[in-house]
Amino acid sequence: MRKLLLALLALVLLAGGLYIFARAEARRDPVVRTATLSLPGWPAGAKPVRAVLISDIHIGSAAMDAARLDRIVGQIDALKPDIVFIAGDMINGSRPNSAASIGAAMIAPLSRLKAPLGVIAMLGNHDNWTGPAAVREEFRRAGITVLENQAIVRGPLAIGVVGDRFSSRANLPATLAALQPLVGGRVFLTHSPSIVPLLPDGSVLLAGHTHCGQVGIFGWSPGRQPYDRRYRCGIIRDGTRTVVVTAGLGTSGPPVRLGVPPDLWLLTLGP
């Protein structure tokens with residue numbers, strides 16, 4: 001009996017230590033990953049663009065508060081990006097109309113993002129569930145442009161923003177129609193990367209949503225994963241299409257990460 005109790009105590013201590021480590025991992029500064037991508041339609045003579053991709057901030061969770069987000073904004077500004085992309089899920093949880101009370105904490109940090117070509121954002125599934133109108137208003141107050149199934153030109157970039165497919169807000173034909181007359185290197189932004197097979201050949205997509213599994217044990221993630229595993233994490237080539245999937249900054253569900261640190265991407269976009 002004594003040996004059994006000691007074994008149980010050791011197991012409890014191990015589980016507790018693992019939880020403390022995973023919770024600290026969820027709140028660490030994001031890893032900066034880098035890549036260079038060629039965009040179709042790049043204007044002749046235009047200089048490459050430094051772009052930062054972030055996603056899944058999940059403000060309101062135990063892994064993300066205004067102080068941590070403020071520190072991450074400083075980290076992004078130090079990278080001197082020309083443009084910042086936010087691929088959805090600003091808000092944590094799914095309670096209807098909760099974004100109005102949670103979202104105010106995100107205004108001050110995000111309003112300090114410095115990028116000459118601006119900050120472009122779209123809404124993820126949690127934003128759509130918790131109050132899209134409130135999230136849009138908070139973004140507006142932070143000086144951030146929010147698009148959904150629309151397109152815009154910023155510098156040498158022609159950006160198509162597709163609504164989140166996971167929460168049934170994607171309208172790819174409308175996005176393509178808005179993008180068609182624009183001149184610039186074409187890049188798509190969305191939340192769930194499951195839209196990849198529907199994009200035109202040669203497309204480049206920036207996305208989030210998957211958290212790269214959030215917990216990874218030798219490549220395995222526990223529980224049901226609400227995404228197509230082909231587009232789980234990092235840079236994926238799907239035929240002639242390319243997708244960049246960030247692990248995100250915050251957490252969904254338990255405020256832990258294990259083997260999957262938060263990250264952001266510093267991308268050089270050019271010809």
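Formation of a donor-acceptor pair under 3.5 Å by the Q214 side chain with backbone atoms of S252 is found in this model. Using a distance-only test at 3.5 Å, with no hydrogens or angles considered, a donor-acceptor pair links the side chain of T175 to the main chain of N171. Formation of a donor-acceptor pair under 3.5 Å by the R71 side chain with backbone atoms of D29 is not found in this model. Formation of a donor-acceptor pair under 3.5 Å by the D56 side chain with backbone atoms of A87 is not found in this model. In terms of modelled atom types and a separation under 3.5 Å, the side chain of Q75 and the main chain of P30 share a donor-acceptor contact. No donor-acceptor pair under 3.5 Å is formed between the side chain of R186 and the backbone N or O of G202. A distance-only check finds a donor-acceptor pair linking the side chain of D127 to the backbone of D89 [under 3.5 Å]. Between the side chain of R141 and the main chain of A108, no donor-acceptor pair closer than 3.5 Å is present. Of the possible donor and acceptor atoms, one in the side chain of R27 sits under 3.5 Å from a partner among the backbone N and O of A62. Panel note: side chain E137, backbone V135; no donor-acceptor pair is recorded below 3.5 Å.
Taking 4.5 Å as the limit, every side-chain heavy atom of L123 sits out of range of all side-chain heavy atoms of D164. Looking only at side-chain heavy atoms (C-beta outward), L39 and P271 stay at 4.5 Å or farther from each other. Taking the side chain as every heavy atom from C-beta outward, R68 and P262 approach each other to under 4.5 Å. At a threshold of 4.5 Å between non-hydrogen side-chain atoms, the residues V119 and I83 do not count as touching. You'll find the side chain of V244 reaches within 4.5 Å of the side chain of L37, heavy atoms only.
Checked against V73 for a side chain to side chain contact (heavy atoms under 4.5 Å, CB included), the options V84, I54, L110 give a single hit: L110.
R165 and S192 share no side-chain donor-acceptor pair at under 3.5 Å. A donor-acceptor pair shorter than 3.5 Å can be found between the side chains of S167 and N128. No hydrogens or angles considered: a donor-acceptor pair under 3.5 Å links the side chains of T246 and D263.
Note that CD1 of I72 is 6.0 Å distant from CG of L69, once rounded to the nearest 0.5 Å. Put simply, CG on L264 and CG on L79 are 6.5 Å apart, with the number rounded to the nearest 0.5 Å. Rounding to the nearest 0.5 Å places CD1 of I59 at 14.5 Å from NE2 of H126. Residue R154 holds its CZ atom at 7.0 Å from CD1 of I159, rounded to the nearest 0.5 Å. Interatomic distance, CG of L267 versus CZ of F85, reported as 8.5 Å (0.5 Å rounding). Remark: T145 OG1 to R136 CZ distance equals 11.5 Å, nearest 0.5 Å.
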Step-by-step side chain to side chain contact (heavy atoms under 4.5 Å, CB included) determination, I195 to L205: CA-CA 9 Å; I195 197 97; L205 174 71; 3.7 Å; yes
Worked verdict on T242 versus R237 for side chain to side chain donor-acceptor pair (under 3.5 Å): CA-CA 5 Å; T242 300; R237 311 288 182 181; 2.7 Å; yes
Audit row: H58, H211, side chain to side chain donor-acceptor pair (under 3.5 Å) steps and yes/no: CA-CA 11 Å; H58 286 283; H211 297 214; 3.3 Å; yes
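For D70, the CG atom sits in a packed shell: over 12 heavy atoms of surrounding residues, nucleotides or ligands are nearer than 6.0 Å.
Between H209 and F166, the angle of the ring planes lies from 30° to 60°, which puts this pair in the tilted group.
Salt bridge status for R241 with D201: present, with a side-chain N to carboxylate O gap under 4.0 Å.
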